**Q** 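This is the structure I want to talk about, given as structure tokens.
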Amino acid sequence: MQYVSTRDGRPRRERLEFEEILLRGLAPDGGLYVPVQWPSLSAVEWRGWRGRPYTEIAAGLVGRFSGSALTAARLDQIVAETYAAFDDERVAPLREFSPGLYLLELFHGPTLAFKDYALQLLGRLLDEVLRRRGSRVTIVGATSGDTGAAAIEAIRGRGTADIFILYPEGRISEIQRRQMTTIAAPNVHALGIRGSFDDCQDLVKAMFADTPFRIAHNLSAVNSINWARIMAQTVYYATAALALGAPDQRVSFVVPTGNFGNVYAAHVARRMGLPIADLVIATNRNDILARFFNDGAMSLGVVTPSLSPSMDIQVASNFERLFYELKDCDANAVADAMARFRNTGAMPVTAAEWRDAKRLFTAYSFDDDATLAEIARTWRASQVMLDPHSAVGVAAARAHRAIAGKAPIVSLATAHPAKFPDAIERAIGVRPKLPPRLADLLERPERLLSLPNSVAAVEDYIRSHARPLREVAA
Ligand SMILES: *Cc1c(COP(=O)(O)O)cnc(C)c1O
């Protein structure tokens with residue numbers, strides 16, 4: 001399997017192997033890596049996975065993307081190790097909470113959000129490849145709350161990487177912050193930035209664009225632009241659809257969406273032949289994506305803090321991968337459009353491209369009041385506690401069911417309710433308890449750091465705190 005950058009429009013564009021894009025994350029031209037063609041599975045192949053364990057399906061799907069980077073036996077081992085630490089043996093259990101409506105629980109990893117499903121694997125894959133090469137990287141990433149904790153948890157204590165995570169100070173929950181600032185590992189750094197998540201993401205992009213800095217520190221990204229994350233996230237769409245009768249039954253998915261990574265992974269699964277009926281995007285009042293799919297215009301607004309902070313995003317980075325498809329893989333047109341988007345705040349999308357996009361996705365948005373109402377409603381009707389992100393999804397699932405066909409609807413529960421106890425308590429008067437492994441989180445000592453929204457300040461910090469690259473991997 002080979003990959004190209006969404007912005008590499010040269011006549012002889014660079015084609016890279018999986019191992020290389022795993023290490024690079026973001027392309028040097030600012031583009032995102034995508035496979036040259038979609039691996040495709042037949043109905044017989046999908047059917048053969050019915051009833052098989054999560055790890056077996058994960059190894060099967062990941063193997064289609066990783067090519068010769070790993071032997072099948074080694075991949076099986078890594079995948080088994082990755083999901084063994086999850087606290088439910090089904091890894092991503094499905095539960096019917098109302099007739100025809102299912103919740104796909106994606107909060108059984110170490111940091112209680114769906115990002116563990118990809119990052120626990122990504123951390124191990126990186127470690128494997130870096131050890132083999134005798135090399136080290138400096139990981140920098142921006143987080144709107146959950147990515148950072150999941151990335152840190154995936155990288156902590158590894159000799160092959162240092163990790164610096166930028167988060168918007170005061171805009172993530174206390175639990176999310178503490179999951180990052182209480183990790184006492186010499187290779188882990190959580191940096192509070194006085195700005196929004198988009199500011200953090202811009203800082204990361206600026207560091208990647210600073211070539212001498214990028215080379216000096218061997219920068220790597222683990223945020224949702226790394227292809228390996230998309231790849232790992234295709235797995236639970238497959239296990240859920242298979243459990244509900246795919247490939248002989250079509251299944252719809254509702255995905256609480258921020259950076260467009262998770263729902264894009266569902267799109268990839270569909271491109272691989274998984275019979276997905278509808279793909280529904282659920283956003284909070286930061287609704288740039290919902291406005292695009294409903295009205296055809298993608299124009300930047302300001303980020304408004306909400307009860308679902310991991311979706312408080314205006315620039316949905318992974319949208320570029322879909323945009324590349326809408327442009328028929330014309331990377332020059334993508335590079336052009338992205339430059340214009342950056343300069344004007346409006347994405348130039350033609351009417352035809354919008355119609356194509358609308359055929360693939362449906363979108364809804366709900367504000368904080370609707371989120372609280374949905375938490376209360378689902379609690380009363382089904383005794384299921386939804387975190388605010390999952391509640392935005394369930395609200396969209398109910399709205400969609402009113403107009404959709406008969407396919408079962410699976411709504412993704414992207415975080416454990418205990419990550420957002422204030423919102424839950426406000427909605428239902430009950431404070432959710434942290435699971436045993438995090439029970440003492442509020443008592444653990446924190447290491448807090450606050451930096452201005454400035455590339456120079458962040459680069460200085462990294463320069464003075466990254467371990468020298470020559471230091472031998474432990
Ligand atoms: C990151 C996150 C999202 C949004 O996922 P994207 O891949 O950015 O669309 C939704 N819910 C939770 C709990 C998250 O952590």
Side-chain angles (χ1 to χ4, degrees), residues 32 103-119 122 141-153 165 167-168 171-173 175-177 179-180 197-198 200-201 222-234 236-237 253-269 279-284 286-290 292-293 303 306-322 361 363 365-366 371 375 385-396 411-420 423-424:
L32 277 59
L103 267 188
L104 179 58
E105 293 183 0
L106 299 176
F107 48 70
H108 293 286
T111 70
L112 315 180
F114 83 91
K115 296 189 170 78
D116 288 326
Y117 289 72
L119 285 169
L122 175 56
T143 186
S144 57
D146 296 324
T147 311
I152 284 172
E153 200 60 51
I165 294 293
Y167 68 90
R171 303 213 190 174
I172 63 175
S173 80
I175 308 257
Q176 288 177 319
R177 188 190 69 236
Q179 282 185 319
M180 298 189 282
F197 168 66
D198 286 337
C200 294
Q201 211 166 24
V222 294
N223 44 5
S224 71
I225 52 184
N226 195 304
W227 176 263
R229 287 186 59 185
I230 304 291
M231 163 192 89
Q233 288 171 1
T234 61
Y236 43 74
Y237 292 104
F253 287 95
V254 181
V255 188
T257 304
N259 239 327
F260 202 70
N262 202 6
V263 74
Y264 176 76
H267 170 73
V268 171
L279 270 185
V280 179
I281 290 164
T283 72
N284 63 29
N286 294 295
D287 60 350
I288 182 170
L289 283 169
F292 169 68
F293 286 99
V303 181
S306 80
L307 294 175
S308 41
S310 298
M311 293 152 52
D312 290 347
I313 285 165
Q314 285 290 333
V315 182
S317 329
N318 274 290
F319 183 79
E320 182 167 339
R321 291 190 160 113
L322 177 69
F361 300 91
S365 88
F366 293 93
T371 305
I375 294 171
M385 236 188 236
L386 296 173
D387 97 281
H389 306 77
S390 310
V392 171
V394 169
S411 199
L412 273 57
T414 51
H416 192 287
K419 282 195 103 162
F420 305 93
I424 310 300

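Residues: numbered from 1 along the sequence shown. If you're wondering where the values come from, they're calculated on a predicted model, not measured in any experiment. We count ligands from 1, going down the list as the structure has it; atoms in each ligand are counted the same way.
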**Q** What atoms of ligand 1 come closer than 4.0 angstrom to any heavy atom of His389?
**A** 11 (N), 12 (C), 13 (C)
**Q** Could you tell me whether a side-chain N or O of Asn286 sits under 3.5 Å from a main-chain N or O of Val303, the two making a donor and an acceptor?
**A**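 No, Asn286 side chain to Val303 backbone: no donor-acceptor pair under 3.5 Å.
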**Q** Under a 4.0 angstrom heavy-atom cut-off, which atoms of ligand 1 come close to Pro256?
**A**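 Reading through ligand 1 atom by atom, the close ones are 4 (C), 10 (C).
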**Q** For Thr257, take its heavy atoms, then give the atoms of ligand 1 lying under 4.0 Å from any of them.
**A**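 Close to Thr257: 9 (O).
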**Q** Counting from 1, what ligand 1 atoms have a heavy atom of Lys115 closer than 4.0 Å?
**A**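 Here the atoms of ligand 1 in question are 1 (C), 2 (C), 3 (C), 14 (C), 15 (O).
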**Q** With heavy atoms of Asn262 as the reference, note each atom of ligand 1 found under 4.0 Å away.
**A**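 The list of qualifying atoms is 7 (O).
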**Q** Using a 4.0 Å heavy-atom cut-off, which part of Phe260 comes near ligand 1: side chain, backbone, both, or neither?
**A** backbone
**Q** Can you name the atoms of ligand 1, numbered from 1 with element, that are less than 4.0 Å from a heavy atom of Met311?
**A**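 What qualifies from ligand 1 is 10 (C).
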**Q** Hydrogens and angles aside, do Arg229 and Asn226 bring a side-chain donor and acceptor to less than 3.5 Å of each other?
**A**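 No, Asn226 and Arg229 have no side-chain donor paired with an acceptor closer than 3.5 Å.
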**Q** Checking contacts here: is it the side chain or the backbone of Lys419 that comes within 4.0 Å of ligand 1, counting heavy atoms only? Could be both or neither.
**A** neither
**Q** Which atoms from ligand 1 have a heavy atom of Ala415 less than 4.0 Å away?
**A**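 Taking each heavy atom of Ala415 in turn, ligand 1 has 13 (C) under 4.0 Å.
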**Q** Determine, using heavy atoms of Phe114 and all atoms of ligand 1, whether some pair is separated by less than 4.0 Å.
**A** yes
**Q** I need the minimum non-hydrogen distance between Thr234 and Ala265, along with the two atoms involved.
**A**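 It is CG2-O, 3.5 Å.
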**Q** Quick one: list whatever passes side-chain contact (heavy atoms from CB on, under 4.5 Å) with Ala413, sequence neighbours left out.
**A**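 For Ala413 the side-chain contact (heavy atoms from CB on, under 4.5 Å) partners, ignoring immediate neighbours, are Leu103, Phe107, Ser390.
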**Q** Between Phe361 and Phe260, does the ring centre distance come in under 6.0 Å?
**A** yes
**Q** Please, which pairs that meet salt bridge (charged side-chain N to carboxylate O under 4.0 Å, His left out) have at least one residue in residues 142-152, sequence neighbours excluded?
**A** Asp146-Lys419
**Q** Are any of the N/O atoms on Thr147, whether in the backbone or the side chain, positioned under 3.5 angstrom from an N/O atom of ligand 1?
**A**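 No; the residue has no nitrogen or oxygen that sits under 3.5 Å from a nitrogen or oxygen of the ligand.
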**Q** Under 3.5 Å, is there a donor-acceptor pair between the side chain of Thr257 and the main chain of Val255?
**A**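 The answer is yes, because a donor-acceptor pair under 3.5 Å joins these two groups.
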**Q** Between Tyr236 and Asn262, is there a side-chain donor-acceptor contact under 3.5 Å, judged purely by atom types and distance?
**A** yes
**Q** With heavy atoms of Gly261 as the reference, note each atom of ligand 1 found under 4.0 Å away.
**A** 6 (P), 7 (O), 9 (O)
